[in-house]
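Convention: sequence-line order gives letters A, B, ...; per-chain numbering from 1. The basis for the numbers below is simple: all heavy atoms, side chains too, and nothing from hydrogens, waters or symmetry mates. Since this is a predicted model, take the numbers as computed values, not measurements.
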Amino acid sequence: MNPEYRSITGTFDILPDTSTTDGASDAPSSTWRYIEDVIHKVMQRFNAEEIRTPILEPTPLIARGVGAYTDIVSKEMFAFERGDTHYVLRPEITAPVVRAYLQHHLDQRGGVQKLYYIGPCFRAERPQKGRYRQFHQFGAEIMGTDDPRADVECIALMMAIYEEIGLSGLRLRLNSVGNPASRARFVEALQNYLEPYRHELSETSLQRLEKNPLRILDTKAQHEQEILQDAPVLLDFLDEESEKHYAEVKTLLQDLEIAFVEDPTLVRGLDYYTHTAFELESADIGAQSALGGGGRYDLLAQELGSKQAVPSIGFASGIERLLLAMEAQGIEAPAAPAVDVFLAALGDEAQRWVFRWAQQLRAEGLSVGLDLRGRSLKSQMKEANRQRAEYTLIIGGNELEAGGAQVKHMESGEQEEVAFDNLVAYLQRRIEA
RNA sequence: GUGGCCGUAGCUCAGUCGGUUAGAGCGCCAGGUUGUGGCCCUGGAGGUCGGGGGUUCAAAUCCCCUCGGCCACCCCA
């Protein structure tokens, strides 16, 4: 079609089936629904409550809540201005949830707030496998406690969803970035260590050295990796409190028999991230191997203006990557439901009869298909077949006269006459089973 | 933002030493069955050969530009 009207690069349509692939999700809408159903179900099991926030947020919220020196904020935001308001299409959902928590004083509901979300996010990156400009995240935030059990419950919740879907062989990486005091000491040590290597560092790493030193740790540059071989290790700088929190998290994970590997290079770069950081990886979904990740952010609420600390932990996962992992492991979602009964009509009078009966049967809760083009009976039968109708009613002049419909069971091909008066009961009885 | 690969029907693809009206299978529509789907047979619709420009008597085929897709880098979901 005219390129001017095509869907935007990096976005895709989710269609009823997968008969076309250009600019469409590889998975049909029924598969998306299935995944969403699983998410809702598992979240419910963990007594998390759904929250829905706007897709449009004020740019300063994201800049502050995600971090000005992150790639997301510095180069990947879809942001624009109207009048004196700066808008951004949300690149993630944690900051908006914290915003909503503070704006609506959710702490006043009492207790820990366990909130979850599913929805689209936007980042202006070059698309590739598992990466899109509009993509879909689900996640949960457990807010109002710094108890390590919250960390583990958050991880357990995330894992339970993948478990329920049936994925296996995933790798959970775990680390602690400590509290601000211990991290500050580590950052100083890291900066001191790297000082002599300054001239060997890339431009971005040099910038990070000043603004956001932790992120140097996850550099991919071979040479910088080598330099970092002998660098100070974050875990060695944890103070007693941080050490204790981390140890507790590991113990609790073991109690729940959730396997993990410790990875000291796994970091969350910004100051308001504390303690636990984790990421869930799959080896078979391409270069973008992270299915989901998260961590503790005890200081974010204050960053956004809260007088009180709201110690919290959350995770976020990508639905597109979940789909990739399902495909790689041959996991199929249930097929979209078929119609219960298709009404085939022959002749004008029968058409009117069928049109009314479709409405009635639907009111009885049956899903009903019918012809809207006045086509031949044969065509209508083909249509019924395509819609995978369980039963097809055939109504023509003979049936109207006899006061009963021909009811055909499509799979067996068996057909019998059923009086109009008994139709609803007949169909309901058979279709329930 | 950078790099590599790829764009022929709705889908999967054939057709490229340049040469008459661009093909197949599947799907779609219709007929064979004047009231019956799935199998089979027959016919039909559907293509700016991604787009623009150039070379040529002649371009799906060669050249340039451009758009789109895929994959990778950076980084993340």
A/Arg375 vs B/A30: side-chain N/O to OP1/OP2 distance below 4.0 Å | yes

What's the closest nucleotide to the A/Gln288 side chain, out of B/A77, B/C76, B/G38?
-> B/C76

Answer with base, sugar-phosphate or nothing: what part of the nucleic acid does A/Gly130 contact at a heavy-atom distance below 4.0 Å?
-> base

Distance, nearest 0.5 Å, that separates CD1 of A/Ile35 from CG of A/Asp37 = 10.0 Å

B/C76 OP1/OP2 closer than 4.0 Å to side-chain N/O of A/Arg215 = yes

OP1 or OP2 of B/G69 under 4.0 Å from side-chain N/O of A/Thr9 | yes

A/Glu383 near the nucleic acid: base, sugar-phosphate alone, or nothing, with a heavy-atom cut-off under 4.0 Å?
-> nothing

Euclidean distance for P, B/C29 against B/G10 (whole angstrom) = 15 Å

Just checking A/Glu92: base, sugar-phosphate only, or nothing, at a heavy-atom cut-off of under 4.0 Å?
-> nothing

Integer angstrom distance from the P of B/A14 to that of B/G50 | 14 Å

Within 45° of the axis and under 6.0 Å from the centre of the six-membered ring of A/Tyr426, does NZ or CZ of A/Arg430 qualify?
-> yes

Taking the same atom, P, in B/C26 and in B/U33, what whole-Å distance lies between them?
-> 22 Å

Who does B/U2 pair with, Watson-Crick or G-U, both distances under 3.5 Å?
-> B/A72

Considering only heavy atoms and no angle criterion, is a donor-acceptor pair shorter than 3.5 Å present between the side chain of A/Lys378 and the base of B/U36?
-> no

Identified pairing partner of B/G27, criterion: Watson-Crick or G-U wobble below 3.5 Å = none

Considering only atom P, compute the distance from B/A24 to B/C63 and round it to an integer number of Å.
-> 29 Å

Nearest of B/C75, B/U36, B/G68 to any side-chain atom of A/Arg6?
-> B/G68

Hey, is the side chain of A/Arg386 poking within less than 4.0 Å of OP1 or OP2 on B/C28, counting only N and O atoms?
-> yes

Given the side-chain rings of A/Tyr132 and A/Phe12, with only the six-membered ring counted for Trp, is the space between their centroids under 6.0 Å?
-> yes

Any ion pair linking A/Arg386 and A/Glu383 (charged N to carboxylate O, less than 4.0 Å)?
-> yes

Pairwise C1' distance, B/C11 and B/G19 [rounded to whole Å] | 31 Å

With heavy atoms under 4.0 Å as the rule, sort A/Arg90 into base, sugar-phosphate or nothing.
-> nothing

Rounded P spacing from B/A58 to B/G1 in Å | 39 Å

Nucleotide nearest A/Arg123 when distance is taken to its side chain, options B/C76, B/G38, B/C73 = B/C76

Taking the six-membered ring for Trp and the full ring for Phe, Tyr or His, determine whether the centres of A/Tyr297 and A/Tyr272 are under 6.0 Å apart.
-> no

When the C1' atoms of B/G68 and B/G32 are considered, how many whole Å apart are they?
-> 44 Å

At under 4.0 Å between heavy atoms, what does A/Gly413 touch on the DNA or RNA strands: base, sugar-phosphate, or nothing?
-> base

May I ask you to say what A/Tyr132 touches in the nucleic acid, namely base, sugar-phosphate or nothing, with a heavy-atom cut-off under 4.0 Å?
-> base

State whether A/Gln128 places a side-chain N or O below 4.0 Å from either non-bridging phosphate oxygen (OP1 or OP2) of B/A72.
-> yes

Does a sphere of radius 6.0 Å around CD in A/Gln359 hold more than 12 heavy atoms from other residues, nucleotides or ligands, not counting ones at 6.0 Å or beyond?
-> no

Between A/Arg126 and A/Leu291, name the one whose nearest nucleotide on RNA chain B is closer to the 5' end.
-> A/Arg126

Taking atom P in both B/A22 and B/A9, what distance in whole Å separates the two?
-> 14 Å

May I ask you to say what A/Glu125 touches in the nucleic acid, namely base, sugar-phosphate or nothing, with a heavy-atom cut-off under 4.0 Å?
-> base

For B/G19, the Watson-Crick or wobble partner whose two distances fall under 3.5 Å | B/C57

Establish whether the base of B/G35 is bridged to the side chain of A/Glu399 by a donor-acceptor pair shorter than 3.5 Å.
-> yes

Would you kindly compare A/Lys129 and A/Gly292 by the position of their nearest RNA chain B nucleotide and give the one closer to the 5′ end?
-> A/Lys129

Output the single nucleotide from B/A72, B/U36, B/A77 whose closest atom is nearest the side chain of A/Ala287.
-> B/A72

Does B/G46 have a Watson-Crick or wobble mate here (both distances under 3.5 Å), and if so which one?
-> none

Hey, is the side chain of A/Gln380 pairing donor to acceptor with the base of B/U36 inside 3.5 Å?
-> no

Mind checking whether A/His86 and A/Phe80 have ring centres under 6.0 Å apart?
-> no

For B/A30, does either OP1 or OP2 sit under 4.0 Å from a side-chain N or O belonging to A/Ser379?
-> yes

